[in-house]
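All of these numbers come straight from a predicted model, not from anything done at the bench.
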Amino acid sequence: MDGIKYAVFTEKSIRLLGNNQYTSNVESGSTRTEIKHWVELFFGVKVIAMNSHRLPGKGRRMGPIMGHTMHSNYRRMIITLQPGYSIPPLIEKRT
């Protein structure tokens, strides 16, 4: 489970939970097949599709020139599970 960094909770990711799609950030060096294998093995679910994208770097201005920072060390994966499967919440409530 070294490749999966953490779950992402944004408006879009919460909306995708209704379609049985889960969003998380993973290391950029991990392949789709590795991530699929880790998710299926660790959570005991069946993955039917995976989409990924790299987040763009932030814009930085240096005088009149607009530049940008480098890409981050992770990419975002949207994992679609078969109907009937689900992943438990990854954040536990602290007391």
Measure the spacing between [atom1] of [X] and [atom2] of [Y] and express it to the nearest 0.5 Å.
X     : Y     : atom1 : atom2 : value
Ile87 : Phe42 : CD1   : CZ    : 10.0 Å
Glu40 : Ile79 : CD    : CD1   : 10.0 Å
Gln21 : Lys12 : CD    : NZ    : 9.0 Å

Results of side-chain hydrogen bond (donor to acceptor under 3.5 Å, both in side chains) for Asn25 - residues two or more places apart only: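 Listed in chain order: Tyr6, Arg76.
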Who are the side-chain hydrogen bond (donor to acceptor under 3.5 Å, both in side chains) partners of Thr31, not counting sequence neighbours? Thr33
Strictly by side-chain hydrogen bond (donor to acceptor under 3.5 Å, both in side chains), give each pair with a member in residues 49-67 just once, sequence neighbours left out.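 Listed by first then second residue: Arg32-Ser52.
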Applying side-chain contact (heavy atoms from CB on, under 4.5 Å), can you list everything that pairs with Ser86, at least two apart in sequence or on another chain? Tyr22
Heavy-atom count around Met66 CE within 6.0 Å, excluding the residue itself: above 12? yes
Would a hydrophobic clustering, with Ile, Leu, Val, Met, Phe, Trp and Tyr connected at side-chain separations under 4.5 Å, put Phe43 with Trp38?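 Yes, same cluster.
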Please tabulate, for the side chains in residues 13-20, all donor-acceptor contacts under 3.5 angstrom to protein atoms that are two or more places apart in sequence or on a different chain.
| unit_1 | atom_1 | unit_2 | atom_2 | d |
| --- | --- | --- | --- | --- |
| Ser13 | OG | Val8 | O | 3.0 |
| Ser13 | OG | Thr10 | N | 2.6 |
| Ser13 | OG | Thr10 | O | 3.0 |
| Ser13 | OG | Thr10 | OG1 | 3.4 |
| Asn20 | ND2 | Leu81 | O | 3.3 |
| Asn20 | ND2 | Gln82 | O | 3.0 |
| Asn20 | ND2 | Tyr85 | O | 3.1 |

